[in-house]
Amino acid sequence: MRMPYEGPKVYRRDELTYNRYLKVEELLKLQQLQSDPPHHDELLFIIIHQAYELWFKQIIHEMESCIRAMLAHKVLPAYRRLTRINKILQLLVNQIHILETMAPIDFLQFREKLNPASGFQSIQFREVEFLAGLGNEKLMGIFQNWPEYREALQKRLDGPTLRSAYYEVMRAYKYRIPEDVEGEASREQILDALRELYQHPNHKLPIYFLSEALIEFDEYLVLWRQHHVLVVERVIGGHRKGTGGSAGVKYLESTTSKRAFPLLWEARSYLTKEPQWEGEDL
Ligand code: HEM
């Protein structure tokens, strides 16, 4: 009888290994502290940000694919991408709280060494926002000396977004979404379409599930902002300016009202209780 574990397999040095495949050696060299002598908590501070950036990379990869799927009117792959993104975001909302194990006086020991670096400069976070439909030319200003970043963001600004691609799917499913989605008249038309969808979820169930996945994405992004601002207030307080030069907590609080799908949120206010789910009275 074979034993469950018969001792280690001996690998040749020229074979592909876990460490080589994942570039673990290189990865573990990327945490370079600014504090000298090294402050105990700075390693956590670097690792948590790097972990976020890795996940942002994955989210951007999934968002691009999700947008392509929606533009091709393929609802199932788009929905599957979104469910993955949402699971990652769920993790990211919780991950920020690890930083609360750092005492405010500990952070103060090395905070000035990071100045003027700030999460404000996270190019990938902006890409996530822009890809969602929250593009804003003003936010590109801080990258004045990084033409490659401006170019990357401009591409997102000009290209399709989760929001524009969603409207495209809605059109394909015969909802009356105007070509030009800006302006008051268009807003009313889109709200009518969304009311129709939400009043009769069973009529076009795939679109209903897709819409719910999109509002969940929006919700997690807001939750991340809310959790981040609470952690910031807990660690540096509500009156301290950010290393990026903003008002700190006050600025971050102002971002928590951002919505990539404002009409998906708004449509709910106009639903009536009749008719209900068809086929649910079994
Ligand atoms: C103790 C921990 C943290 C503190 C005190 C902190 C503080 C701040 C402050 C004050 C800002 C406003 C911009 C500024 O003036 O600097 C900001 C923005 C930002 N931070 Fe953090 N942060 C922390 C952790 C994190 C982590 C772990 C991430 C993960 C990526 C992150 C990502 C961001 C992003 C993306 C922004 C820009 C938000 C926006 O403009 O909407 N922060 N942070």
Side-chain angles (χ1 to χ4, degrees), residues 30-31 33-35 39-61 63 85 88-144 146 149-150 152-153 156-157 161 217-260 262:
L30 297 176
Q31 295 71 45
L33 278 56
Q34 288 286 329
S35 55
H39 189 282
H40 178 83
D41 285 354
E42 197 183 347
L43 183 63
L44 171 73
F45 193 77
I46 292 175
I47 286 182
I48 200 159
H49 282 85
Q50 288 182 338
Y52 269 104
E53 290 295 336
L54 281 176
W55 282 122
F56 289 160
K57 180 171 181 172
Q58 186 67 34
I59 289 174
I60 290 168
H61 180 62
M63 285 175 91
I85 293 170
I88 298 171
L89 283 173
Q90 193 178 13
L91 176 78
L92 295 191
V93 168
N94 287 314
Q95 185 171 294
I96 191 88
H97 293 287
I98 300 173
L99 279 168
E100 290 167 343
T101 60
M102 179 173 72
I105 48 169
D106 282 324
F107 187 44
L108 287 174
Q109 307 296 311
F110 63 92
R111 184 174 184 247
E112 63 197 34
K113 303 273 189 227
L114 318 174
N115 215 1
S118 158
F120 224 21
Q121 297 161 317
S122 167
I123 175 74
Q124 291 202 107
F125 181 76
R126 291 294 170 232
E127 285 192 85
V128 170
E129 284 192 319
F130 279 40
L131 272 172
L134 290 167
N136 176 350
E137 240 165 300
K138 270 201 233 152
L139 290 170
M140 292 162 62
I142 59 162
F143 298 123
Q144 205 166 332
W146 279 266
Y149 288 179
R150 289 180 67 89
L153 289 179
R156 307 299 188 193
L157 205 57
T161 62
F217 166 84
D218 226 10
E219 183 175 359
Y220 277 126
L221 217 51
V222 175
L223 281 172
W224 183 82
R225 295 181 201 278
Q226 291 174 342
H227 284 240
H228 172 255
V229 68
L230 284 173
V231 171
V232 173
E233 183 170 0
R234 188 163 159 184
V235 176
I236 65 168
H239 303 300
R240 214 181 282 269
K241 281 181 77 165
T243 46
S246 82
V249 165
K250 282 274 164 304
Y251 159 71
L252 292 170
E253 277 172 346
S254 76
T255 66
T256 59
S257 58
K258 285 191 185 182
R259 298 283 187 280

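Ligands are counted one by one from 1 in listed order, and the atoms in each one are counted from 1 as well. All of these numbers come straight from a predicted model, not from anything done at the bench.
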With heavy-atom distances below 4.0 Å as the criterion, list the atoms of ligand 1 near Phe45. 1 (C), 2 (C)
Excluding sequence neighbours, so at least two apart, what forms side chain to side chain donor-acceptor pair (under 3.5 Å) with Gln95? none
Between CG on residue Leu33 and CZ on residue Phe110, distance to nearest 0.5 Å: 8.0 Å
Considering the heavy atoms of Phe107, write down every atom of ligand 1 situated less than 4.0 Å from one of them. 5 (C)
Which of the atoms in ligand 1, numbered in the order shown and given with their element, are less than 4.0 Å from a heavy-atom of Ile236? 5 (C)
So, taking the atom named CG in Asn94 and the one named CG in Leu223, what distance separates them when rounded to the nearest 0.5 Å? 9.5 Å
Going by the atom numbers of ligand 1, which of them fall below 4.0 Å from some non-hydrogen atom of Thr255? 41 (O)
Shortest protein contact, atom 24 (C) of ligand 1 (heavy atom only): His49 NE2, 3.6 Å
Could you tell me, atom by atom, which parts of ligand 1 come under 4.0 Å of a heavy atom of Arg225? 41 (O)
Quick check: does Arg126 get an N/O under 3.5 Å from an N/O on ligand 1? yes
Got a donor-acceptor contact below 3.5 angstrom from the Asp218 side chain to the Ala260 backbone? yes
Applying side chain to side chain donor-acceptor pair (under 3.5 Å) as the test, list every pair that has at least one member in residues 108-122; sequence neighbours left out. Glu53-Ser122
Counting no waters, how many protein N/O/S atoms sit under 2.8 Å from atom 21 (Fe) of ligand 1? 1
From CD (Gln124) to CD (Gln58), nearest 0.5 Å: 11.0 Å
Rounded to the nearest 0.5 Å, how far apart are CG of Leu221 and CZ of Phe125? 5.5 Å
Out of Gly244, Pro116, Ser246, who is nearest to atom 13 (C) of ligand 1 when you count heavy atoms only? Ser246
Kindly say whether Leu30 contributes a backbone atom to a donor-acceptor pair with the side chain of Gln50 at under 3.5 angstrom? yes
What are the atoms of ligand 1, with element, lying closer than 4.0 Å to any heavy atom of Leu99? 2 (C), 24 (C), 27 (C)
Hey, looking at atom 32 (C) of ligand 1, which of Trp224, Tyr251, Phe125 has the closest heavy atom? Trp224
So CD1 of Ile60 and CZ of Phe130: to nearest 0.5 Å the spacing works out to 12.0 Å
How many angstroms lie between atom OH of Tyr220 and atom CD1 of Ile85, to the nearest 0.5 angstrom? 13.0 Å
Just to be sure I read this right, does ligand 1 sit under 4.0 Å from the backbone of Val231, its side chain, both, or neither, counting only heavy atoms? neither
Glu42 side-chain N/O to Gln34 backbone N/O, donor-acceptor pair under 3.5 Å: yes
At under 4.0 Å between heavy atoms, what of Glu53 touches ligand 1? The answer is neither
How would you list all residue pairs meeting side chain to side chain donor-acceptor pair (under 3.5 Å) that involve residues 125-142, not counting sequence neighbours? Arg126-Glu129, Glu127-Arg156, Glu129-Arg225, Glu129-Lys258
